[in-house]
Number of protein chains: 2
Amino acid sequence: MTRPETSRPETSRSDGGRPSAAERREEILRIAMETFATRGYHNASLAEIAERSGLTQAGVLHHFRSKAGLLTGVLDLRDQSDLAQLAQLGEERPRGLAFLAHLVETARRNAEREGIVRLYAVLSAESVTSGHPAQEYFRARYAGLRAMVVEAIGEAADAGEVPAGLDPRAAASAVLAVMDGLRVQWLLAPEAVDMAATTDLVIGALLGRPVPGGG
Amino acid sequence: MTRPETSRPETSRSDGGRPSAAERREEILRIAMETFATRGYHNASLAEIAERSGLTQAGVLHHFRSKAGLLTGVLDLRDQSDLAQLAQLGEERPRGLAFLAHLVETARRNAEREGIVRLYAVLSAESVTSGHPAQEYFRARYAGLRAMVVEAIGEAADAGEVPAGLDPRAAASAVLAVMDGLRVQWLLAPEAVDMAATTDLVIGALLGRPVPGGG
DNA sequence: GTCTATACGTTGATAGAC
DNA sequence: GTCTATCAACGTATAGAC
């Protein structure tokens, strides 16, 4: 599921010539992602996305039938993004503690991908507003992510790596919540927050791992 | 500290007659709060706020000079809200572990105040978008809250209630982050998330408190 | 203090030429 | 596939009557 577009070979050419329709779509999506991340969905305008794409507004709407459709397209580009890539890993994802370590690693990488961080921070919260076109996307996303973390905690528990009384569902919510919350704090004050270290701190604490240098 | 306005006695009357200016302002702010919480700032319109207030749009702008001014007014109403009431407590706030317990209590109460939860979830994330009028407010808010939690952890540490190696600043970010992140998850799926219990779980884990029923 | 009227920009979307 | 032209709707804000 990494390629939502049906890229027809006869129209796809990556040389310096005129971009194919698929390439245009991809370019528009890339710019739309940045714009939604910077402005939020409602405050972003097709005109701005169009201008930055070197097209007119009508040109953009030739490739995506509506603004909401454009947002959907951006969210479907999730394979490059953030946590959601984990959903792409399918059955090959890391198990148990390794999965939780993967979350920390994701947080670390995200500190160098502000655009992605911003996109998810802004859109996930905006999605709770009434009638937001991404509401179902985020509801499903959180449900899926929670289930994955619950599963990983279960695997770790089977290996005896989790304190006996830990509620896996609460812990899963907590891990995802701390990652989300850190994004906003980090965007507002990057020097004051270490997303990876703090995520690791919480995961370690939940698992009963001794704090570094302490007891 | 429940009355931010300087209520001038000669204009303030709470009988059934025509509302005073101060009462009008308060009513508009209440409705604006709900509207910003439901729609977000950018997607909320003065027309909707006005209609729900029983005024025209021009009527609303007589009391607040601009939409941004209205948002500022809403945020200044923070004494009824959420975490921010802690900032109001000033020197009388609970200390050490009691402060952290207060955060959990706040989360518990918030489960019955969806409007406040929604307002802060939506606006805090929206504030990271470019040029957002509440950006400075939230930057200062997080800085202040982090400092308060750091201080509380320090007090708890002095009482020997904190693991030796715990980084107070990371822990403070983590506690606030988990509370923020839980808000979004809870708004999207209230039955799947227990904000208070999960906040308590994280705080307890960071403090090295044994998990309930386990060890 | 509230209204009507209005100015004036911006929005998303469509129609149709090329 | 991209454009120009156009649209109706909506946005905030102001002026001025009452």
Side-chain angles (χ1 to χ4, degrees), chain A residues 5-8 10-13 16-29 31-32 35-36 38-74 126 129-134, chain B residues 5 7-8 10-13 15-29 31-32 35-36 38-74 126 129-134:
Chain A
E5 295 93 21
T6 51
S7 60
R8 296 181 301 170
E10 70 275 17
T11 63
S12 173
R13 39 169 166 150
R18 187 156 165 278
S20 69
E23 285 167 345
R24 254 304 185 225
R25 272 182 64 97
E26 221 170 293
E27 171 75 353
I28 293 170
L29 284 176
I31 289 166
T35 308
F36 289 146
T38 304
R39 305 271 195 211
Y41 172 71
H42 283 304
N43 196 40
S45 75
L46 290 175
E48 176 177 354
I49 292 166
E51 188 189 23
R52 296 179 55 191
S53 303
L55 290 174
T56 62
Q57 192 211 61
V60 168
L61 286 178
H62 169 76
H63 294 277
F64 299 89
R65 68 181 54 191
S66 70
K67 187 185 180 186
L70 189 50
L71 177 62
T72 299
V74 166
E126 191 177 7
T129 59
S130 77
H132 196 284
Chain B
E5 294 91 21
S7 59
R8 297 183 300 167
E10 71 275 18
T11 63
S12 171
R13 40 171 167 149
D15 54 46
R18 184 154 165 279
S20 70
E23 285 168 347
R24 257 297 189 230
R25 272 183 62 98
E26 221 170 296
E27 171 75 355
I28 293 170
L29 283 176
I31 287 165
T35 308
F36 289 145
T38 305
R39 305 272 195 211
Y41 172 71
H42 283 304
N43 196 40
S45 75
L46 290 176
E48 176 176 355
I49 293 166
E51 187 189 25
R52 296 180 56 191
S53 303
L55 291 174
T56 63
Q57 192 210 61
V60 168
L61 285 177
H62 169 75
H63 293 278
F64 300 89
R65 69 180 54 193
S66 71
K67 188 185 180 186
L70 190 49
L71 177 62
T72 298
V74 165
E126 191 178 7
T129 59
S130 78
H132 196 285

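The figures that follow rest on heavy atoms only: side chains count, while hydrogens, waters and symmetry mates do not. So you know, we letter chains A, B, ... as the sequences are listed, proteins then strands, and number each from 1.
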- Item | Residues forming a salt bridge (charged side-chain N to carboxylate O under 4.0 Å, His left out) with Glu27(B), sequence neighbours excluded | Arg30(B)
- Note on the structure: Residue set satisfying salt bridge (charged side-chain N to carboxylate O under 4.0 Å, His left out) with Arg24(B), at least two apart, ordered chain then number -> none
Tell me the interatomic distance from [X], atom [atom1], to [N], atom [atom2], rounded to whole angstroms.
X	N	atom1	atom2	result
Glu27(A)	dG1(D)	CD	C1'	16 Å
Arg39(A)	dG11(D)	CZ	P	19 Å
Leu55(A)	dT4(D)	CG	P	11 Å
Leu70(B)	dG11(D)	CG	C1'	15 Å
Leu71(B)	dG11(D)	CG	P	17 Å

- Where does the angle between the aromatic ring planes of Phe36(B) and Tyr41(B) fall among parallel (under 30°), tilted (30 to 60°) and perpendicular (over 60°)? tilted
If the cut-off is 4.0 Å, is [X] near the phosphate of [N], judged by side-chain N/O to OP1 or OP2?
X	N	value
His62(B)	dT2(C)	no
Arg25(B)	dG1(C)	no
Thr56(A)	dT2(D)	no

- With sequence neighbours left out, what residues match Ser130(A) under side chain to side chain contact (heavy atoms under 4.5 Å, CB included)? Thr38(B), Arg39(B)
- Message: Tell me every residue that passes side chain to side chain contact (heavy atoms under 4.5 Å, CB included) with Ala47(A), counting only those two or more places apart in sequence or in another chain.
- Response: Ser45(A)
Show every donor-acceptor pair shorter than 3.5 Å between a side-chain atom in residues 55-64 of chain A and any protein atom, with sequence neighbours excluded, or say none if there are none.
residue  : atom : partner  : partner atom : Å
Thr56(A) : OG1  : Gly59(A) : N            : 3.2

- For nucleotides 11-18 of chain C, read 5' to 3', which letter fits each nucleotide if B means a protein heavy atom sits under 4.0 Å from the base, S means only the sugar-phosphate is that close, and - means neither? SBBB----
